[in-house]
**Student:** 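A single structure is presented below for examination.
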Amino acid sequence: MAGSVSNAYIAGMGMYVPPKVMTNEDFARIVDTSDEWITQMTGIKERRHVEADVATSDLATAASKMAMEKAGVTPDEIDMIIVATATPDMFFPSTACLVQTNIGAANAFAYDIVAGCSGFIYGLVIAEQFIKAGTVETILLIGAETLSKVSDMTDRNTCVLFGDGAGAAILRPCEAPKGIIDHVIGSDGSLGSLLSLPAGGSRLPASHETVDKNLHMIYMDGRKVYVNAVKKMGDSVVQVLEQQNLTGDDMDILFPHQANLRIIESVAKRAKMPGEKAYVNIQKYGNTSAASIPLAMCEAIDDGSLKEGMLVGLVAFGAGFTWASALMRW
Ligand code: UT7
């Protein structure tokens, strides 16, 4: 493709969640918790878990096939595949390369990005740059996670929070005013240890000791992460609006990362927008990290909440720490 284009837009979306439902009552049988605590503190009622033989690329592949169908795009038309995930099938090859083979996108180049729960928006920003530069035309962006595989099922502080799923989007060029309008993106590695999966990499390679100490599972200082998430998500949604001389009133719908209903409510308040404009499906899926925003967008398309012409906001915060927000005209 020659020359540059004005904007990038989402031409179609897909999603996949595994069929196995884990309710709050199921967790109350495993750890010292209750439906009341989980509901009041997080808004989560249930989440999905994969079976033992299912990996992230399986979820990503199913979501991708749906996104291609919705966008009317064939596998050979895809130029680039980005998978945002913190739970890849393995260190290498990348999950994106595994998806490439599964869907038969032989003309694409493919790679993963690691930006925690902000991964989908990070990927969106990367995809937008490629499309605007005019170097690629059709991008498959996927947020996919199997967090149940790295959740310590004896730790009530974390195991009740996370779920598995995948959401995918096909991005293509378009004429303004449609498409991605602006973004804010940032990170602060100095706080990374507050939310991490400590072992398995080059710092702490897998050993009997790392397994015995549960270091291959998610560690989170929930309270400190909460405080930072409220601040950074609030700041970045306000900033992206201000960059465009807009306010929360102008935004028709906001897709916040689904980590905690109380965080979502605080962000909506900070953006001075009615709470109803923030799309919420955390009750069904829990925190699915990089998959949470595309899962929410996909459901909003399906239930009619996301309509053509709307001014759409996205905002996320996650491990790294990373944060990002974006505005687009749907
Ligand atoms: O996705 C990326 C980023 N992740 C997030 O944004 C998540 C951010 N964090 C949170 O959502 C919240 O911190 C949590 C929901 C995880 C926890 O809420 P909190 O208000 O920060 O509570 P806390 O961690 O301070 O815990 C309060 C109490 C503690 O008991 P004590 O020490 O006061 O006796 C915990 O042990 O709640 C206890 N607790 C539980 N009780 C029942 C923690 N987990 C559970 C549980 N069931 N599952």
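Whatever order the structure lists them in is the order used to number ligands and atoms, beginning at 1. Residue numbers count from 1 along this sequence.
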**Student:** Counting heavy atoms only, which part of T158 comes closer than 4.0 Å to ligand 1: side chain, backbone, both or neither?
**Tutor:** neither
**Student:** Does an N or O from T42, backbone or side chain, lie closer than 3.5 Å to an N or O of ligand 1?
**Tutor:** no
**Student:** Please report which non-hydrogen protein atom sits nearest to atom 9 (N) of ligand 1, along with the residue it belongs to and the distance in Å to one decimal place.
**Tutor:** G222 O, 3.0 Å
**Student:** Would a 4.0 Å cut-off, counted as strictly less than, catch a protein heavy atom around atom 20 (O) of ligand 1?
**Tutor:** yes
**Student:** Counting only heavy atoms on the protein side, is anything nearer than 4.0 Å to atom 38 (C) of ligand 1?
**Tutor:** yes
**Student:** Starting from atom 44 (N) of ligand 1, what is the nearest protein heavy atom, named by residue and atom, and what distance separates them?
**Tutor:** W37 CH2, 3.3 Å
**Student:** Using the side chain to side chain contact (heavy atoms under 4.5 Å, CB included) criterion, which residues pair with K269? Sequence neighbours excluded.
**Tutor:** none
**Student:** Select the closest option to atom 16 (C) of ligand 1 among V160, L161, L147, judged by heavy-atom distance.
**Tutor:** L161
**Student:** In terms of residue, atom name and distance, what is the protein heavy atom nearest to atom 23 (P) of ligand 1?
**Tutor:** R223 NH2, 4.4 Å
**Student:** Check whether any N or O atom of T33, backbone or side chain, sits under 3.5 Å from an N or O atom of ligand 1, and answer yes or no.
**Tutor:** yes
**Student:** Does the side chain of H257 reach to within under 4.5 Å of the side chain of F120, using non-hydrogen atoms?
**Tutor:** no
**Student:** Mark whether atom 32 (O) of ligand 1 lies under 4.0 angstrom from at least one protein heavy atom.
**Tutor:** no
**Student:** At a non-hydrogen distance cut-off of under 4.0 Å, which region of N260 contacts ligand 1 (side chain, backbone, both, or neither)?
**Tutor:** side chain
**Student:** Which ligand 1 atoms are under 4.0 Å away from a heavy-atom of A259?
**Tutor:** 1 (O), 5 (C), 6 (O)
**Student:** Of the listed options (M233, R156, R262), which comes nearest to atom 48 (N) of ligand 1 when hydrogens are ignored and any heavy atom counts?
**Tutor:** R156
**Student:** Using distance only, find each side-chain donor-acceptor pair of residues 321-330 under 3.5 Å and give its atom names and separation, not counting sequence neighbours.
**Tutor:**
unit_1, atom_1, unit_2, atom_2, d
T322, OG1, A115, O, 2.9
T322, OG1, S118, OG, 2.8
T322, OG1, A319, O, 3.4
S325, OG, S236, O, 2.8
R329, NH1, G309, O, 2.8

**Student:** When you look at CD of E69, are more than 12 heavy atoms from neighbouring residues, nucleotides or ligands closer to it than 6.0 Å?
**Tutor:** no
